[in-house]
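First up is the structure itself, then whatever we jot down about it.
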There are 2 protein chains.
Amino acid sequence: MTDPRLTPLAASLPPTVPFTGPEALERRMGRPFAARMGANENAFGPSPKAIEAMERTARDVWMYGDPEVYDLRVAMAAHHGCDPSHVVVGEGIDGLLGLLVRLTVGPGTPVVTSLGGYPTFNFHVAGFGGRLLTVPYHGDASDPVALMHLAEESSARLVYLSNPDNPMGGFHGPEVIGRMVEAVPDGALLVLDEAYAELAPEGLLPSIDPADPRVIRMRTFSKAHGLAGLRVGYAIGPAPLVAAFDRVRNHFGLGRIAQAGALAALADRDWPREVAGRVAQARDGIAAIARAAGLVPLPSAANFVTIDCGADGAFARRVLGGLLGRGVFVRMPGVAPLDRCIRVTVGPPEALRAFAEALPLALAEARSAP
Amino acid sequence: MTDPRLTPLAASLPPTVPFTGPEALERRMGRPFAARMGANENAFGPSPKAIEAMERTARDVWMYGDPEVYDLRVAMAAHHGCDPSHVVVGEGIDGLLGLLVRLTVGPGTPVVTSLGGYPTFNFHVAGFGGRLLTVPYHGDASDPVALMHLAEESSARLVYLSNPDNPMGGFHGPEVIGRMVEAVPDGALLVLDEAYAELAPEGLLPSIDPADPRVIRMRTFSKAHGLAGLRVGYAIGPAPLVAAFDRVRNHFGLGRIAQAGALAALADRDWPREVAGRVAQARDGIAAIARAAGLVPLPSAANFVTIDCGADGAFARRVLGGLLGRGVFVRMPGVAPLDRCIRVTVGPPEALRAFAEALPLALAEARSAP
């Protein structure tokens, strides 16, 4: 039953959600996962300095967080060598994507993304009535040239690209992204989701002028900084666009512990580097486990390895089911032909061991299915 | 300069924000406030059990929070004696009000509230293009009968009422609210903001069937529970409306520390009662300070006392300025004739002492102004 007071747009939206959380799966199974390798969380955890800051702030949480998020914004701006007027902080990249879509997309507005790209972006576009147009992956990589062609052809308002790419793990170097920026059509905006930036090969991030009106970049504390459950993301972009977020955002939305934790995490320059090293090592470990099982791991610049299971989506879903049943939480791309793969988040050695044990059994089970 | 890619609605919104935070005022003054009595925060703080739960969860914050907020929703439902399908949790009442307006209000949709009522609700209505219609306060109280008359007359979709009332502090008993519910016109929804419910006189809260399609009630952990900076609110309402929030909400928006802290706070039945006692005592203290200065404190069922400064808005603004200048952060209603008042949040004895010292000086200054 739908509430009769919903707007026509709200009434038209499907009751589906982008992701089922691991906790929901655990409740269905009646037991916790042995290894949590599905949500691209960072099991190496946050900086000890961030933990200490959050613990210290717990008793101050009777106060609202600063609605201007001033200290954190200033620190982010310094980190990126720009003026704070180019930085907006929000409740994760998810929250910022929602606000950006709200600001720029109305009923029927064309928006371009990759077929099989980040579902939460699509959720927001649908939620504001936008018309989502998609470009297939080229091989296992997103296709910047085709995305911009479609944007031009369709007069798209937004073009979304995640780089490093989720869910496939690939990476476009600065020249490719630079050409993409040059190709942004008049009236369009490139939404560059760099959630995994700190885990990408060093020196390969594009250098983009924060004042460039053609691009907004999204960053997060959820990945390299290990603060997914704190909900802090930020965007860097042209000042007039950044200022517009103030017209619609939930001004007191970023809590006091969130601001303190993120500020301490940003100040600790060593931790993300330390994490990047552990992530790279664990990526190699997962790739080796995949190969040992006769599967093909795709190259990854993020904190997960996408593994080609060598058959179709139905087969990969059986493998995924076998892993879940053995207490290993992983996810998979939702759309063919990417859905021949499973996506495995890196983790500490015990998680990799659980995966190494479960994978051959899940594969054998998937192969023997009727 | 406005970004040319904004939707017509976004481009039409004013760049104003509902509230300036105390931190922004402190930055302008160049020094911190001695007493933070402006944002209706709870300086008595959160339950020690909630603090402990937040501290304990800091190191687990690499995991996203459960997107279904299952444990907390179940606990809230048990607390209110209803099924979890009647409960939606969000990033404070502010966040939930934004989602509710998004779900039900489109361009031109009439919405009714009190003139001088909660500015953030108005911010959301404007943000989705709704047409805000207002009813003046009757004396110093909101006017349920007139609100429902206007709702009927205007075919309003939403009718907002805060009870206990912010910014005036008054309270309508269960009979008045019951009659208001009976008067909700077809196609309308009463949004009952009960942020201060736990601080209201005991036994005077209305008893409303959670399945009643005419009402949604909003509650928060920001006030009696002392967790304003954690950003957790919830709404209780008819299941089809509650379910609709899933179509638009930021599913991973409620963080892990937020869920753990709120769950522990809810489990501690003693703390809100303890706080309510201290709040009542501090209300008496503030009222006495006001009377000693020759002013009239209004009766309050919340964690603040609204004080009639006895003249017009310009005078009250001068008093407010004098208090701010003396390091005492307070706020005031924004609209005449309510703006003859200042609104002073309760706090511990040292805050009341700072207020008691500053008030006579601020008054003398305001009276001697040219």
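These numbers come from the heavy atoms of this one structure, side chains and all, not from hydrogens, waters or symmetry mates. Within every chain, numbering begins at 1; the chains are lettered A, B, ... in the order of the sequence lines, protein sequences first and strands thereafter.
Taking every heavy atom of both residues into account, B:V248 and A:L13 meet most closely at CG1-CD1, 3.8 Å. The heavy-atom pair separating B:A58 from A:P46 by the smallest distance is O-CG, 4.3 Å. Heavy-atom minimum distance, B:P67 versus A:G21: CG-CA, 3.7 Å. Of all non-hydrogen atoms in A:R5 and B:P213, the two that sit nearest each other are NH1-O, 2.6 Å.
Counting heavy-atom pairs closer than 4.5 Å to chain A, the top residue among B:K223, B:M63, B:M54, B:E91 is B:M63. Taking B:F123, B:F44, B:F128, B:W62 one by one and counting their heavy-atom pairs under 4.5 Å with chain A, the maximum is reached by B:W62. The choice from A:A53, A:G65, A:A43 that makes the most heavy-atom pairs within less than 4.5 Å of chain B is A:A43. Heavy-atom pairs under 4.5 Å with chain A peak, among B:T20, B:L9, B:N42, B:D71, at B:N42. Looking only at heavy-atom pairs under 4.5 Å with chain A, the residue among B:D60, B:D66, B:L227, B:I257 that has the most is B:D66. Heavy-atom pairs under 4.5 Å with chain B peak, among A:R56, A:Q259, A:R157, at A:R157. Of all the listed residues (A:D3, A:D94, A:V61), the one sharing the greatest number of non-hydrogen pairs under 4.5 Å with chain B is A:V61.
Side-chain contact between A:Y64 and B:S222: present, with at least one pair of heavy atoms (C-beta onward) separated by less than 4.5 Å.
With a 4.5 Å cut-off on non-hydrogen atoms, B:A244 touches chain A through its side chain but not through its backbone. Both the backbone and the side chain of B:F252 come within less than 4.5 Å of a heavy atom of chain A. With a 4.5 Å cut-off on non-hydrogen atoms, A:P14 touches chain B through its backbone but not through its side chain. For chain B, the nearby part of A:A188 is the backbone; its heavy atoms alone come within less than 4.5 Å.
Remark: B:E68 engages A:R27 in a salt bridge, criterion side-chain N to carboxylate O under 4.0 Å.
Between the side chain of A:R231 and the backbone N or O of B:L254, no donor-acceptor pair lies under 3.5 Å.
Of residues 95-104 of chain B, those residues lying under 4.5 Å from chain A by any heavy-atom pair are B:G95, B:R102, B:L103, B:T104.
Other residues, nucleotides and ligands contribute only 12 or fewer heavy atoms inside 6.0 Å of the OH atom of A:Y70.
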Margin query: With side-chain contact (heavy atoms from CB on, under 4.5 Å) as the criterion, how do B:E55 and A:R59 come out once you've worked through the C-alpha distance, each side chain's angles and the decisive distance to 0.1 Å?
Written below: CA-CA 9 Å; B:E55 289 172 347; A:R59 61 190 56 248; 3.5 Å; yes

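Among pairs with a residue in residues 237-247 of chain A, those fulfilling salt bridge (Lys or Arg N to Asp or Glu O under 4.0 Å) read A:D246-A:R249, at least two apart in sequence or across chains.
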